[in-house]
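Worksheet for the structure shown next.
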Amino acid sequence: MRYLFTCLLLICFSCYNTERNCSNFKTGEFYSEVIINEEVFKSTFKRSEDLQIEIYNKKIDSSKLRWINDCEVIFRTINPKNMAEQKDVHLKILTTTDSSYSFEYSYVGETKKQKGIAYKAK
């Protein structure tokens with residue numbers, strides 16, 4: 001009986017696939033929210049196929065984009081001002097809705113990931 005129950009669970013969960021329409025979020029205007037240590041950080045950004053301009057804390061930051069696939073992108077800061085900004089960032093879209101997506105990101109090569117949500121502004 002236990003074996004049968006385990007098999008049914010595996011079948012059910014292996015068939016579950018989160019649908020992601022990532023291509024809907026490759027370009028446009030967005031705002032995002034990221035929670036780090038119980039503090040919410042908000043930013044707005046405009047994204048084209050190969051460029052993202054972000055406004056955070058009244059500062060403008062521009063990055064070149066290299067899409068790995070429809071759901072994963074690498075950000076490279078155009079004019080880094082310190083060592084941290086010289087590191088590329090890997091972002092992966094986890095889930096999508098018609099007007100938002102959840103994502104995780106980290107510096108390339110690092111295992112610690114942060115999560116957030118981005119919303120279409122228009």
Side-chain angles (χ1 to χ4, degrees):
M1 183 70 177
R2 180 190 272 188
Y3 177 75
L4 179 61
F5 180 72
T6 303
C7 287
L8 286 173
L9 280 176
L10 285 174
I11 290 169
C12 289
F13 285 114
S14 64
C15 294
Y16 179 75
N17 219 356
T18 303
E19 187 171 328
R20 297 182 294 173
N21 294 316
C22 302
S23 59
N24 294 343
F25 300 99
K26 285 180 108 173
T27 62
E29 294 184 32
F30 306 89
Y31 67 95
S32 69
E33 295 178 356
V34 175
I35 300 173
I36 301 174
N37 297 327
E38 299 180 17
E39 187 176 349
V40 178
F41 295 89
K42 297 180 180 184
S43 69
T44 60
F45 54 96
K46 292 181 183 180
R47 182 185 295 154
S48 68
E49 276 287 325
D50 58 355
L51 181 69
Q52 178 168 299
I53 301 170
E54 182 173 13
I55 300 171
Y56 169 75
N57 253 2
K58 298 180 182 177
K59 294 180 183 177
I60 297 175
D61 195 15
S62 300
S63 299
K64 289 185 179 182
L65 306 181
R66 181 172 55 88
W67 288 91
I68 299 169
N69 57 48
D70 278 349
C71 296
E72 295 182 69
V73 64
I74 303 291
F75 295 90
R76 173 166 282 168
T77 303
I78 293 176
N79 293 310
K81 295 172 183 56
N82 55 50
M83 292 296 285
E85 290 181 1
Q86 291 180 8
K87 295 180 181 181
D88 292 350
V89 173
H90 175 251
L91 181 135
K92 181 178 182 178
I93 297 174
L94 302 173
T95 62
T96 63
T97 68
D98 60 338
S99 61
S100 69
Y101 64 90
S102 65
F103 61 91
E104 67 180 15
Y105 68 96
S106 65
Y107 288 118
V108 170
E110 293 189 11
T111 57
K112 183 179 180 183
K113 299 186 184 317
Q114 300 290 336
K115 292 189 176 185
I117 300 175
Y119 304 91
K120 277 211 176 219
K122 293 182 181 181

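Quantities reported herein were computed from a predicted structural model and do not represent experimental measurements.
Of all heavy-atom pairs between Glu54 and Phe45, the closest is CA-CB, 3.7 Å. Heavy atoms only, all atoms of each residue included: Gln114 and Ile35 are closest at OE1-O, 3.9 Å. When all heavy atoms of Tyr119 and Ser100 are compared, the pair lying nearest together is CD2-CB, 3.6 Å. Scanning all heavy atoms of the two residues, the minimum distance from Val40 to Glu33 falls at CG1-CB, 4.4 Å. The two residues Thr96 and Asn21 have their closest heavy-atom pair at OG1-N, 2.9 Å. What you find for Ile53 and Ser62 is that their closest heavy atoms are CG1-OG, 3.8 Å.
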Legend entry - Verdict with reasoning, Asp61 to Tyr56, per side-chain contact (heavy atoms from CB on, under 4.5 Å): CA-CA 8 Å; Asp61 195 15; Tyr56 169 75; over 6 Å; no

Inset, instruction - Please assess Thr77 against Glu85 for the test side chain to side chain donor-acceptor pair (under 3.5 Å), listing each intermediate value before the final yes or no. - result: CA-CA 6 Å; Thr77 303; Glu85 290 181 1; 5.4 Å; no

Inset, instruction - Begin with the C-alpha distance, continue with both residues' side-chain angles, and end with the deciding distance and a verdict on side-chain contact (heavy atoms from CB on, under 4.5 Å) for Gln52 and Val73. - result: CA-CA 11 Å; Gln52 178 168 299; Val73 64; over 6 Å; no

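Around NZ of Lys42, the count of heavy atoms belonging to other residues, nucleotides or ligands within 6.0 Å does not exceed 12. Sparse packing is recorded around NZ of Lys46, with 12 or fewer heavy atoms of other residues, nucleotides or ligands lying under 6.0 Å away. Around the CD1 atom of Ile78, the shell of radius 6.0 Å holds more than 12 heavy atoms that belong to other residues, nucleotides or ligands.
Clustering ILVMFWY residues whenever any of their side-chain heavy atoms sit less than 4.5 angstrom apart, transitively, puts Val108 in a cluster other than the one holding Leu65. Hydrophobic clustering (ILVMFWY, side-chain heavy atoms < 4.5 Å, transitive): Val89 and Ile55 are in distinct clusters. The same ILVMFWY cluster, assembled from side-chain heavy atoms under 4.5 Å apart, contains both Trp67 and Leu91. Put simply, Phe75 and Ile60 are part of two different groups of oily side chains (I, L, V, M, F, W, Y) that touch within less than 4.5 Å, one to the next. In the hydrophobic clustering of ILVMFWY residues, with side-chain heavy atoms under 4.5 Å counting as a link, Phe25 and Ile117 come out apart.
When side chains are defined from C-beta on, Asp70 counts as touching Lys26, because their heavy atoms get closer than 4.5 Å.
In terms of modelled atom types and a separation under 3.5 Å, the side chain of Arg20 and the main chain of Ile93 share a donor-acceptor contact. Side chain of Lys87 to backbone of Gly109: no donor-acceptor contact under 3.5 angstrom is found. Between the Asn82 side chain and the Ala84 main chain, a donor and an acceptor come within less than 3.5 Å of each other.
Checked options Lys92, His90, Arg66; the residue passing with Glu72 is His90 (criterion: side chain to side chain donor-acceptor pair (under 3.5 Å)).
Atom CZ of residue Phe30 and atom OG of residue Ser32 lie 10.5 Å apart, to the nearest 0.5 angstrom. A distance of 8.5 Å separates NZ in Lys64 from CG in Asp50, rounded to the nearest 0.5 Å. To the nearest 0.5 angstrom, Tyr105 atom OH is 9.5 Å from Lys112 atom NZ.
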